[in-house]
Enquirer: 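Below you'll find the structure I mean.
Computation of the quantities below employed the complete heavy-atom set of this structure, encompassing side-chain atoms and omitting hydrogens, waters and symmetry-equivalent molecules.
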Amino acid sequence: MADASPSPGSSEPTAPAKKGAVMKHYAGIALLVIVLAGVTIWGVRTCQAMLNEQVAGVAKVFQDVLSIRPEIRVNSTVVYGQTSPIEELAVVKKEQLVEMTLKQKMQIWSTPIPMTGKELHVRAIYRIKAGFDLSKPFVVNIDPTTNQITADMPPAEILSVERVGPLSMKEEAGWLTSITVEERTQLLNQLHEAAETAAEESGLIEQAQEQVIQ
């Protein structure tokens, strides 16, 4: 009967040789996976470090320019909460002279009665401040994919209208009439209302908005 065992010159690998080759193959795959994992982890850490640096930079800009820190979000996730040492941020202000006059004269059948006229004139300087109410949401969004930064601020508004300096008041009354306390109070209220109207029409709101955007 013929011998089935391989001849001494045969090149067919033995079982241990096959096992060694398979082990080397899997070892190479494992090494490749480890290298790729290491590169991925390094890349993630590098991106995270760059993102942290970007967030810190944004916070510093608002801190240096406006002395506040808005709420900062990355992909809608809050990273920093909104903080401010003040409740209102006055960006622009101006002083404006406001005047108001009350004139009255008694009449009979549309005919003025002599010595019944009276006139009250008041004037004062008002300081107007425009800026932002920091109790309202102020959010900065950072998109790490596009590196786009958007800020959602509360709208600019008139923060205060206050009288500064002395109040000038001149009164003239005829012999048959007098200026009452109620008329003085009414005129002063009208003066303050005129100052508020002047503040809304002053353009300070637009100036405050443009200054912060710049």
Enquirer: So which atom in Ala195 and which in Ile128 form the shortest heavy-atom distance, rounded to 0.1 Å?
Expert: O-CD1, 4.5 Å
Enquirer: Following the transitive rule for hydrophobic clusters with a side-chain heavy-atom cut-off under 4.5 Å over Ile, Leu, Val, Met, Phe, Trp and Tyr, establish whether Leu191 and Leu187 coincide in one cluster.
Expert: yes
Enquirer: How many angstroms lie between CD in Gln186 and CE in Met100, if you round to the nearest 0.5 Å?
Expert: 10.5 Å
Enquirer: Applying the 4.5 Å side-chain criterion to the ILVMFWY set and letting contacts propagate, would Ile149 and Val74 be lumped into a single cluster?
Expert: yes
Enquirer: What are the two closest heavy atoms between Pro154 and Phe138, and how far apart are they?
Expert: CD-CB, 4.0 Å
Enquirer: According to the salt bridge (charged side-chain N to carboxylate O under 4.0 Å, His left out) rule, which pairs have a member within residues 146-168, sequence neighbours left out?
Expert: Lys136-Glu157
Enquirer: In this structure, which one of Val122, Leu120, Asn189 forms a side-chain contact (heavy atoms from CB on, under 4.5 Å) with Arg184?
Expert: Leu120
Enquirer: Does one hydrophobic cluster hold both Leu159 and Leu134, with members joined at side-chain heavy-atom distances below 4.5 Å?
Expert: no
Enquirer: Applying side chain to side chain donor-acceptor pair (under 3.5 Å) as the test, list every pair that has at least one member in residues 199-209; sequence neighbours left out.
Expert: none
Enquirer: Please find the pair of heavy atoms, one from Ala124 and one from Leu167, that lie closest to each other, and give the distance.
Expert: CB-CD1, 3.7 Å
Enquirer: Is there a path of hydrophobic side-chain contacts, each under 4.5 Å between heavy atoms, that joins Ile205 and Met153?
Expert: yes
Enquirer: Under the side chain to side chain donor-acceptor pair (under 3.5 Å) definition, can you give me all pairs with a residue in residues 120-131, not counting sequence neighbours?
Expert: Glu95-Arg127, Glu99-His121, Thr101-His121
Enquirer: Count I, L, V, M, F, W, Y as connected when their side-chain heavy atoms are under 4.5 Å apart, and connections chain through other members. Are Ile125 and Val98 then in the same cluster?
Expert: no
Enquirer: Restricting to non-hydrogen atoms, name the atom on Val161 and the atom on Ala199 that form the minimum distance, rounded to 0.1 Å.
Expert: CG2-CB, 3.8 Å
Enquirer: Enter the distance from His192:NE2 to Thr197:OG1 here, rounded to the nearest 0.5 Å.
Expert: 10.0 Å
